[in-house]
Asker: 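Here's a structure for you.
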Amino acid sequence: MDSALSDPKPVLRHSLPTRLWHWLNTALLYVLFTSGLGIFNAHPRLYWGQYGANFDHPWLTLERFGGWITLPAHYNLAMSRHWHLTAAPIFAFALLFYMLWSLFGRHLARDLAFRRGELAPRHVWQDIRDHARLRFPTGEAALRYNVLQKASYIGVIFVALPLIILTGLTMSPGMNAAWPWLVELFGGRQSARSIHFIAAFALAAFLLVHILMVVLAGPVNEIRSMISGRYRLPEARR
């Protein structure tokens, strides 16, 4: 039995915008990541700078990714691009709306902003130790993000995801004509492609760790809170 279910009184943990954006992102990131690997399979090499082709020296060369992790499940560059370019604008506008809601709805100030003393080395080290020992917060503390969660969520929402979008735009010839400063910002289209690839796998690693933490913290209670918003507080330690 999930230990988090010992308290019979559920409380509201996640707002509706957060829940909607969370599940929309789950679907969109799956489509974008798998179709992106399908596109990458057309030329599985990465370069720095403006140019990169068969006779240039790549900084990374990989084998083609298998059909089990690409969309579609076989090599089809046109179809992979279709899926990727269909999901990308939905993903970008959803992130924009969520960022604006976080700012003006005070989600950022109320839930994600660091409080006085949270960034002190002693406090950060204690949070790291608690995570390593799988000591999850209980009682009312379970409703607040700890310093590691705040840092990772702020980094994902306001750094990694915008970086993914901007580097993706930089690879588009149409956007190069409209916003040539993007190419200069990232040091060339091939540099943008490399950063796009690295950021995509960093996000994939974050999601795997996130899923692992959900499973270890009590998947029934955690997933229910992200569906209905209702969360049963884990019993406080005595």
Side-chain angles (χ1 to χ4, degrees), residues 12-40 42 69-72 76-113 145 149-186 189 191-211 214 223 225-229:
L12 181 64
R13 189 185 193 191
H14 299 297
S15 64
L16 181 60
T18 295
R19 302 195 312 268
L20 290 176
W21 185 70
H22 178 277
W23 292 115
L24 178 62
N25 257 12
T26 299
L28 291 174
L29 285 174
Y30 170 78
V31 171
L32 289 167
F33 186 76
T34 55
S35 63
L37 294 183
I39 296 171
F40 180 81
I69 199 173
T70 64
L71 184 68
N76 187 325
L77 178 59
M79 187 58 68
S80 292
R81 282 178 170 171
H82 173 78
W83 279 104
H84 205 76
L85 297 178
T86 298
I90 303 173
F91 173 76
F93 282 109
L95 175 63
L96 176 62
F97 289 139
Y98 187 73
M99 291 172 68
L100 292 175
W101 174 81
S102 296
L103 291 171
F104 295 106
R106 297 193 57 76
H107 174 54
L108 178 62
R110 183 180 62 251
D111 302 318
L112 298 178
Y145 295 129
Q149 289 175 310
K150 289 180 178 181
S152 60
Y153 293 155
I154 290 173
V156 166
I157 296 171
F158 294 96
V159 179
L161 295 183
L163 185 64
I164 283 278
I165 294 169
L166 291 175
T167 52
L169 291 174
T170 304
M171 290 185 282
S172 168
M175 294 308 301
N176 290 171
W179 296 348
W181 55 269
L182 276 176
V183 179
E184 297 178 5
L185 177 65
F186 293 107
R189 291 181 66 188
S191 294
R193 183 170 180 258
S194 292
I195 296 170
H196 195 77
F197 182 89
I198 294 169
F201 272 87
L203 280 173
F206 166 81
L207 290 174
L208 289 176
V209 173
H210 180 66
I211 292 170
V214 167
I223 294 175
S225 71
M226 193 51 75
I227 294 175
S228 67

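Only this structure's heavy atoms are used, side chains among them; waters, hydrogens and symmetry mates stay out.
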Asker: Atom CZ of F33 and atom NE2 of H84: how far apart are they, to the nearest 0.5 Å?
Answerer: 11.0 Å
Asker: So, for A92 and I165, which heavy atoms are closest and what is the spacing to 0.1 Å?
Answerer: CA-CD1, 3.7 Å
Asker: Closest heavy-atom contact between A87 and L32?
Answerer: CB-CD2, 3.8 Å
Asker: Under the salt bridge (charged side-chain N to carboxylate O under 4.0 Å, His left out) test, which residues partner R193, sequence neighbours left out?
Answerer: none
Asker: Can you tell me how far the CE atom of M99 sits from the CD1 atom of I157, to the nearest 0.5 Å?
Answerer: 8.5 Å
Asker: Do other residues, nucleotides or ligands put more than 12 heavy atoms under 6.0 Å from the CZ atom of F201?
Answerer: yes
Asker: Can you give me the closest heavy-atom contact between S102 and F158, atom names plus distance?
Answerer: CB-CZ, 4.4 Å
Asker: Once side-chain hydrogen bond (donor to acceptor under 3.5 Å, both in side chains) is applied, do any residues pair with T18, and if so which ones, sequence neighbours excluded?
Answerer: S15, Y98
Asker: When rounded to the nearest 0.5 angstrom, what is the spacing between OH in Y30 and CD1 in I69?
Answerer: 9.0 Å
Asker: Taking CH2 in W101 as the centre, count heavy atoms belonging to other residues, nucleotides or ligands within less than 6.0 Å. Is the count above 12?
Answerer: yes
Asker: Which atoms form the tightest heavy-atom contact between A94 and L24, and what is the distance?
Answerer: CB-CD2, 3.8 Å
Asker: For residues 161-176, which residue pairs pass the side chain to side chain donor-acceptor pair (under 3.5 Å) check, not counting sequence neighbours?
Answerer: T167-H196, N176-R189
Asker: Shortest non-hydrogen contact from L166 to L182?
Answerer: CD2-CD2, 4.1 Å
Asker: Nearest 0.5 angstrom please: L203 CG to I164 CD1, how far?
Answerer: 5.0 Å
Asker: Within the distance-only criterion (no hydrogens, no angle test), does the side chain of S228 pair as donor or acceptor with the backbone N or O of S225 below 3.5 angstrom?
Answerer: no
Asker: Kindly check if the number of other-residue, nucleotide or ligand heavy atoms within 6.0 Å of CH2 (W83) is above 12?
Answerer: no
Asker: Measure the CD1-NE2 distance between I227 and H22 for me, rounded to the nearest 0.5 Å.
Answerer: 9.5 Å
Asker: Measuring from atom OH of Y145 to atom OH of Y153, what distance do you get when rounded to the nearest 0.5 angstrom?
Answerer: 5.5 Å
Asker: Would the number of heavy atoms belonging to other residues, nucleotides or ligands and lying under 6.0 Å from CZ of R19 be above 12?
Answerer: yes
Asker: Treating S80 as the side-chain partner and L71 as the backbone partner, does any N or O pair qualify as donor plus acceptor under 3.5 Å?
Answerer: yes
